[in-house]
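Everything quoted here is computed from the prediction, not taken from an experiment. Lettering of chains follows the sequences in order, A, B, ..., and the numbering in each one begins at 1.
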Amino acid sequence: MTAVMDNTAPTSAEIPAPDGSVTVTVKILRFNPEVDSEPHWESYDVPALPTDRVLNLLINIKGYVDGTLSFRRSCAHGICGSDAMQINGINRLACKVLVKDLLAKKGKPTTISVAPIKGLPVMKDLYVDMEPFFEAFRAVKPFLITYGNEPTNERIQSPADRERFDDTTKCILCACCTTSCPVFWSDGSYFGPAAIVNAHRFIFDSRDEGAEERLDILNDAEGVWRCRTTFNCTDACPRGIQVTKAIQEVKRALLFKRV
Amino acid sequence: MTEVERHNYDVVVIGAGGAGLRAAIEARQRGLTTAVICKSLFGKAHTVMAEGGCAASMGNVNSNDSWQVHFRDTMRGGKFLNNWRMAELHAKEAPDRVWELETYGALFDRTEDGRISQRNFGGHTYPRLAHVGDRTGLELIRTMQQKIVSLQQEDKAEFGDYEAKLKVFQECTITELLKDDSGAISGAFGYWRESGRFVLFETGAVIMATGGIGKSFQVTSNSWEYTGDGHALAARTGASLINMEFVQFHPTGMVWPPSVKGILVTEGVRGDGGVLKNSEGKRFMFDYVPDVFKGQYAETEEEADRWYTDPDNNRRTPDLLPRDEVARAINTEVKEGRGSPHGGVYLDIASRMPDEEIKRRLPSMYHQFKELADVDITAEPMEVGPTCHYVMGGIEVDPDTGESTVPGLFAAGECSGGMHGSNRLGGNSLSDLLVFGRRAGLGAANYVESLERKPVVLQSDIDAAARSAVSPFEPAEGEGARENPYTLQHELQQTMNDLVGIIRTADEIERALGRLAEIRSRVRNVVVEGHRQFNPGWHLAIDLRNMMVVSEAVAKAALLRTESRGGHTRDDFPMLDSDWRNRLLSCRVSGEDQVVPDVVVEPKEQVPMRQDLLELFELSELEKYYTEAELTTHPAAQGDTA
């Protein structure tokens with residue numbers, strides 16, 4: 001049996017439809033490991049305000065239509081990085097995608113497809129096993145490494161030095177970048193963009209003295225040289241981090257042995 | 001006999017926000033085996049949402065700052081109901097905790113000479129908040145996550161196992177605390193959210209660090225985790241909760257569009273120069289300086305504007321009054337018809353500084369409004385209104401050790417009570433997490449080391465905990481319709497929002513208690529479908545019990561306190577009442593019902609403030625809060641009689 005089948009949409013009469021709402025079809029790739037051998041699509045016709053986020057639609061489906069729909073979410077405004085998923089095929093945070101940006105032109109019916117991020121094992125519906133992702137994060141020694149005595153108060157860091165690595169400190173570990181990377185899809189042992197971003201955050205921190213150790217790790221077969229510069233990661237980052245640029249800076253540091 | 005996965009740890013920390021992680025680091029550094037349990041993924045805790053900063057009197061920006069000034073600001077903010085010992089420890093230790101975090105690797109915005117920069121915030125006399133743009137909480141959590149990764153790599157080198165000393169159990173929910181026959185903590189029982197399988201942690205010490213209760217209100221800046229689990233678990237284990245009537249409504253949450261109503265707009269907007277205006281364009285906060293703060297705030301717009309650049313010779317803008325004052329002012333403006341189109345007021349930063357400066361100082365706010373509300377905050381004002389943000393009330397603890405009234409049960413952070421009195425100052429939460437997270441870690445470590453034998457978990461308790469957890473799958477026999485947990489949660493949130501919200505009356509609170517009683521009778525009939533594996537409906541059914549307990553505690557305490565103070569405003573008792581200042585309302589559970597027990601509230605007296613701390617205040621200020629009889633020991637009062 002093939003994985004894809006389109007069920008008839010269950011009724012959603014119970015979801016409150018406020019003034020100004022339109023009906024959209026949300027097509028979700030569902031998977032329940034207890035009964036399904038493979039994922040399948042299910043569609044839900046739901047009322048949506050143009051100002052709703054995709055996350056609101058998912059919460060409504062879970063609350064009113066099918067209480068077993070499973071997905072991660074927490075802060076609901078793009079800071080914790082829990083609700084990364086493929087929305088219309090693109091990795092996004094569900095709490096930051098507005099329905100108005102997905103509505104079909106000229107009043108045509110709108111279908112929004114929602115699937116789990118790619119390249120990590122699916123556990124249920126939109127839940128994926130994040131452990132391989134965090135394993136790569138931990139492998140690059142994502143913590144300040146210093147030698148010698150600790151200062152009494154703070155270490156001094158000039159505003160310019162602090163600015164140097166500002167971009168890569170914005171990472172929220174949502175996995176949008178890593179799971180948009182074709183190299184990661186084909187070979188999960190590649191560290192992936194997020195881990196490199198987190199290494200970059202320390203390599204270019206003027207207080208840190210562990211750059212060499214980290215660069216050795218990233219010089220590995222599964223390290224930065226696997227990057228094929230497709231820029232998928234940069235496009236996917238919900239924080240606007242210049243991910244590909246950060247990876248290039250790490251490559252350059254390796255080539256010229258200097259940060 | 002229940003099938004259960006067993007783990008054994010010296011210390012178990014429930015919650016992986018700032019307080020939980022700091023506690024876990026401390027216990028691990030004392031050499032104890034430590035487990036951290038969290039409902040979400042590790043690193044996604046609610047602390048990430050803190051934006052403005054972490055208050056600590058380092059004096060990097062204004063060297064006049066000191067722990068004494070911070071202590072005074074905190075007590076004033078809490079309207080002198082704070083546990084003064086906690087406020088003292090907090091003010092004294094916060095700078096060390098921030099510096100320590102910096103040595104862990106935390107990123108901070110810097111002063112010109114490279115020290116940690118500090119920003120202004122409501123109620124703080126001097127620029128005091130160490131910060132990273134408007135993502136300070138995220139950096140705090142990330143830094144401690146990194147610290148834990150580094151400790152685990154040290155353990156790998158020493159013991160051959162990353163998790164030999166410190167292990168994080170993520171996406172795991174605790175449903176019961178267990179005690180041995182002497183009444184001391186013996187373990188924690190819960191389930192894996194993924195598989196629904198039961199798990200037991202055998203331990204002598206549990207540290208609660210579960211955060212707040214905001215999900216009991218409809219409009220809130222809090223995330224789904226904030227269902228009062230720690231409050232309710234502790235209460236059901238026999239601990240007392242204090243100050244539950246004090247709920248902070250942050251004055252500036254988003255009010256539009258509806259899908260994002262309640263999401264926080266950082267106080268940093270006002271700290272950096274943003275001002276509140278009503279529909280007439282008036283900076284209305286000048287009309288709302290209460291008597292207790294008269295003379296401490298600017299009286300004209302000109303003076304307020306000069307203060308940003310010349311704080312030594314001018315007084316600060318009343319836009320930066322403590323949060324309870326600002327939230328009430330906004331509420332009044334809207335009620336009197338001077339609100340914005342979507343029922344808030346305007347927060348204007350666009351006309352106050354250049355576009356690039358706004359984007360540099362407040363990048364998250366710029367994106368949040370651009371992406372979620374299609375508002376460009378560099379060009380037009382934001383619409384903002386109050387949103388449920390923080391609960392001052394929590395588990396009653398010993399200030400020095402964080403131990404609750406149950407032996408072996410400790411608490412830190414938002415789920416503990418006392419530190420913030422009736423109202424928390426912005427920025428005092430992140431510092432609270434660090435100071436009392438560390439202290440609870442130490443307290444638990446000392447306690448465990450002093451135990452002669454490890455408490456034993458009883459099999460009958462495990463069986464009972466398991467039965468209670470799966471009961472939503474087995475509908476009760478007999479009368480009553482089957483209830484949907486989402487519907488009940490919604491009704492509960494609506495009730496608390498409408499009837500026990502920012503402005504309260506006895507009549508409304510009594511109606512709320514009536515509705516809560518009705519919802520409680522229906523909680524028993526909640527039925528969930530499907531299996532235990534990743535079943536959000538089941539998870540909510542269990543969370544709902546906790547939300548019931550904390551909502552009842554809030555409502556019952558709010559009814560008893562017949563005065564207005566901080567985060568508790570009674571329209572029928574609008575004044576601060578000195579006779580109430582020293583009285584705490586202590587909530588305990590009672591009754592037969594194990595699932596959603598009754599809450600009983602009793603007043604109790606607080607220990608009077610130590611003399612040397614009392615003397616940090618002018619008599620004339622204390623007279624606004626204290627009864628005359630309480631102030632006879634103040635030197636100025638003695639001078640009068642001499």
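- To the nearest 0.5 Å, the span separating CE on A:M123 from CD on B:E171 amounts to 6.5 Å.
- In this structure, A:E34 places its CD atom where more than 12 heavy-atom neighbours from other residues, nucleotides or ligands lie under 6.0 Å away.
- Considering OH of B:Y162 and CD of A:E135, their distance stands at 8.5 Å, rounded to 0.5 Å.
- In this structure, chain A has no heavy atom under 4.5 Å from any part of B:S221.
- The greatest number of non-hydrogen atom pairs below 4.5 Å with chain A, out of B:Q489, B:M58, B:Q146, is found for B:Q146.
- Under the 3.5 Å distance criterion, the side-chain polar atoms of B:K44 are left unmatched by any main-chain donor or acceptor of A:S82.
- The shortest distance between side-chain heavy atoms of A:F165 and B:L107 falls below 4.5 Å.
- The side-chain heavy atoms of B:I148 and A:F143, taken from C-beta on, include no pair separated by under 4.5 Å.
- Both the backbone and the side chain of B:Q533 come within contact range of chain A, judged by heavy atoms closer than 4.5 Å.
- To the nearest 0.5 Å, atoms CZ (B:F108) and CD (A:Q157) are separated by 11.0 Å.
- Using a cut-off of 4.0 Å between Lys/Arg side-chain N and Asp/Glu carboxylate O, A:R72 and B:E194 are scored as not salt-bridged.
- No more than 12 heavy atoms of other residues, nucleotides or ligands shown are found within 6.0 angstrom of CD on A:E212.
- Contact count versus chain B (heavy atoms, under 4.5 Å) is highest, among A:D125, A:I156, A:N198, for A:I156.
- Applying the 6.0 Å contact sphere to NE2 of B:H531 captures no more than 12 heavy atoms from other residues, nucleotides or ligands.
- Residues A:L98 and B:E371 are not in side-chain contact: their nearest non-hydrogen atoms beyond the backbone lie 4.5 Å or more apart.
- Under the 4.5 Å side-chain criterion, counting only non-hydrogen atoms from C-beta, B:P258 is not in contact with A:P18.
- Taking the side chain as every heavy atom from C-beta outward, B:Q145 and A:F134 approach each other to under 4.5 Å.
- In this structure, B:V149 and A:P142 have side chains that are in contact, with non-hydrogen atoms separated by less than 4.5 Å.
- Open room surrounds CD on B:E529; 12 or fewer heavy atoms of other groups in view lie less than 6.0 Å from it.
- Within the 4.5 angstrom heavy-atom criterion, atoms from both the backbone and the side chain of A:R73 approach chain B.
- Note: A:N153 CG to B:D96 CG = 8.0 Å, rounded to the nearest 0.5 Å.
- Considering only heavy-atom pairs separated by less than 4.5 Å from chain B, the leading option among A:R239, A:K96, A:H77, A:E163 is A:H77.
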_Derivation of the side chain to side chain contact (heavy atoms under 4.5 Å, CB included) call for A:T51 and B:W256_ = CA-CA 9 Å; A:T51 52; B:W256 194 89; 3.8 Å; yes
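- Residue B:L41 touches chain A through its side chain alone, counting heavy-atom pairs closer than 4.5 Å.
- Surrounding NZ of B:K370 are more than 12 heavy atoms belonging to other residues, nucleotides or ligands, all under 6.0 Å away.
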*Working for salt bridge (charged side-chain N to carboxylate O under 4.0 Å, His left out), residues A:R162 and B:E102*: CA-CA 13 Å; A:R162 175 240 177 276; B:E102 201 275 344; over 6 Å; no
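- Looking only at heavy-atom pairs under 4.5 Å with chain B, the residue among A:E150, A:R53, A:M130 that has the most is A:R53.
- The shortest distance between side-chain heavy atoms of B:L138 and A:K170 does not fall below 4.5 Å.
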*Taking it one step at a time, do B:R135 and A:D166 satisfy salt bridge (charged side-chain N to carboxylate O under 4.0 Å, His left out)?*
CA-CA 12 Å; B:R135 56 174 201 275; A:D166 184 70; 3.3 Å; yes
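- With a 4.5 Å cut-off on non-hydrogen atoms, B:A106 touches chain A through its backbone but not through its side chain.
- A:E154 contributes no side-chain N or O that, together with a main-chain N or O of B:R115, makes up a donor-acceptor pair within less than 3.5 Å.
- Between chain B and the options A:I172, A:L49, A:D205, heavy-atom pairs under 4.5 Å are most frequent for A:I172.
- For the atom pair A:R201 CZ and B:R142 CZ, the distance stands at 10.5 Å (nearest 0.5 Å).
- Of the listed residues (B:P257, B:P95, B:S150, B:S223), the greatest number of heavy-atom pairs within a distance under 4.5 Å of chain A belongs to B:S150.
- Here B:W224 is the residue among B:W538, B:W224, B:Y226 with the most heavy-atom pairs under 4.5 Å with chain A.
- Inter-residue side-chain proximity for A:I79 and B:S364 is flagged as unmet; no heavy-atom pair is nearer than 4.5 Å.
- Looking only at heavy-atom pairs under 4.5 Å with chain A, the residue among B:A45, B:G105, B:S40, B:S259 that has the most is B:S259.
- With respect to the salt-bridge test (charged N to carboxylate O, under 4.0 angstrom), the residues A:D52 and B:K261 do not qualify.
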_Check against salt bridge (charged side-chain N to carboxylate O under 4.0 Å, His left out), A:K100 and B:D374_ = CA-CA 11 Å; A:K100 76 179 167 77; B:D374 211 9; 3.8 Å; yes
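- Atom OG of A:S74 and atom CG of B:N222 lie 10.5 Å apart (nearest 0.5 Å).
- Interface check for chain B: of the options A:N56, A:V97, A:D161, A:L69, the most heavy-atom pairs under 4.5 Å are formed by A:N56.
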